[in-house]
Amino acid sequence: MNNNDKQFVMLHDEKRCIGCQACTVACKVINDIPEGFSRLQVQIQGPHLDEKGNPHYQFFRVSCQHCEDAPCVSVCPTGASFIDENGIVQVKKILCIGCDYCVSACTYHVRYINPTTHMADKCNFCADTRLAQGELPACVTVCPTDALLFGRLDSPLVQTWIKQKSVYQFQHENIGKPHLFRRKECHQGDKL
């Protein structure tokens, strides 16, 4: 992998997200995901009580974290799972034997064996479809509330967003640093 500051990251504003699933649908269509499987999901969390005691819900993106020390990569016996020069955890289909090791190793449970191809599949930020054409991932372009931002870690927009209040990375213990940033609260005046 090259300089970590140049890698791609995804940012999800859980307060702006309305759980509409447009991102999930766009991903399924663009990446030809079989029925009953998905590269990403948006799960509801709550209700939580606000400062006035009113219930509200937040939405949590479940997709590949693109970990620096990805366990799915280290267990792959063929080298099919790898981290590319952009920091994206990828699956090289020609090398994948469908052994399921990477699926079992992923503590975030975001990989699956495609029942049609019998190969591992997961979110790759649409690297082989949209990114290859210079476009943003499908989930980002369809979000009606601008709850998703995608870019290089060193870009000024991404750095501004990360430095705002309530930004965190959901990380399991002893698993490499995720490259999916999240914001739980959106304060008046904050901008994505």
Is atom CG of Leu49 surrounded by more than 12 heavy atoms (other residues, nucleotides or ligands) closer than 6.0 Å? yes
So does Lys177 get a backbone contact from the side chain of Gln169, meaning a donor-acceptor N/O pair under 3.5 Å? no
For the ring pair His172 and Phe170, is the centre-to-centre distance below 6.0 Å? yes
Shared ILVMFWY cluster between Val62 and Phe59, side chains joined below 4.5 angstrom? no
What I'd like to find out is whether the side chain of Gln7 reaches to under 4.5 Å of the side chain of Ile83, using heavy atoms alone. no
Apply the test salt bridge (Lys or Arg N to Asp or Glu O under 4.0 Å) to residues Glu14 and Arg182: give CA-CA distance (whole Å), side-chain angles for both, the deciding distance (0.1 Å), then the verdict. CA-CA 7 Å; Glu14 295 171 358; Arg182 304 160 187 278; 3.8 Å; yes
Minimum-distance pair of heavy atoms, taken over all atoms of Val110 and Lys122: O-CB, 3.8 Å
Quick one: do Leu153 and Leu157 end up in the same hydrophobic cluster if we chain Ile, Leu, Val, Met, Phe, Trp and Tyr together by side-chain heavy atoms under 4.5 Å apart? yes
What's the separation between atom CD in Gln41 and atom NE2 in His109, rounded to the nearest 0.5 Å? 11.5 Å
Report whether Leu136 and Ile30 are members of the same hydrophobic cluster (ILVMFWY, side-chain heavy atoms less than 4.5 Å apart, transitive linking). no
Ignoring hydrogens, what is the shortest heavy-atom contact between Val91 and Ala120? Give both atom names and the distance. CG1-O, 3.7 Å
To the closest 0.5 Å, what do you measure between CZ (Arg183) and CZ (Arg16)? 6.0 Å
Close side-chain approach of Arg61 to Leu180, heavy-atom, < 4.5 Å: yes
Using side chain to side chain contact (heavy atoms under 4.5 Å, CB included) as the criterion, point out the one residue from Ile162, Val140, Leu148 that pairs with Leu11. Ile162
If you round to the nearest 0.5 Å, how far is CD of Gln65 from NE2 of His179? 10.5 Å
Indicate, with yes or no, if Ile18 and Ile44 share a hydrophobic cluster defined by side-chain heavy-atom contacts under 4.5 Å among Ile, Leu, Val, Met, Phe, Trp and Tyr. no
Cys17 versus Val42, closest heavy-atom pair with distance: SG-CG1, 3.8 Å
Who clusters with Tyr112? Use side-chain heavy atoms, under 4.5 angstrom, across I, L, V, M, F, W and Y, and order the result by chain and number. Ile33, Phe37
Smallest separation among heavy atoms of Val142 and Ala22, with atom names: CG2-O, 3.5 Å
Within a radius of less than 6.0 Å around NZ of Lys28, do more than 12 heavy atoms belonging to other residues, nucleotides or ligands occur? yes
Please answer whether the main-chain N or O of Thr117 pairs with a side-chain N or O of Lys93 as donor and acceptor at a distance below 3.5 Å. no
From CG (Asp146) to CG (Asp13), nearest 0.5 Å: 10.0 Å
Would you check if Pro34 and Asn114 make a side-chain contact, meaning some heavy-atom pair closer than 4.5 Å? yes
To the nearest 0.5 Å, what is the distance between OH (Tyr57) and NE2 (His48)? 9.5 Å
Let me confirm one number: the CG-OG distance from Asp121 to Ser38, rounded to the nearest 0.5 Å. 10.0 Å
Quick check on the hydrophobic clustering: are Met10 and Phe8 connected, directly or via other members, by side-chain heavy-atom contacts under 4.5 Å? yes
For the student: nearest non-hydrogen atoms of Cys102 and Arg111, plus distance: SG-NH1, 2.9 Å
Who else is in Tyr101's hydrophobic cluster (ILVMFWY, side-chain heavy atoms under 4.5 Å, direct or via others)? Val75
Could you list all the ring pair (Phe, Tyr, Trp, His ring centres under 6.0 Å) pairs where at least one residue sits in residues 113-143, not counting sequence neighbours? His66-Phe125, Phe125-Phe150
Between Val73 and Ser81, what is the shortest heavy-atom contact and its length? CG1-O, 3.6 Å
So which of Asn86, Ile88, Asn124 actually passes side chain to side chain contact (heavy atoms under 4.5 Å, CB included) with Leu131? Ile88
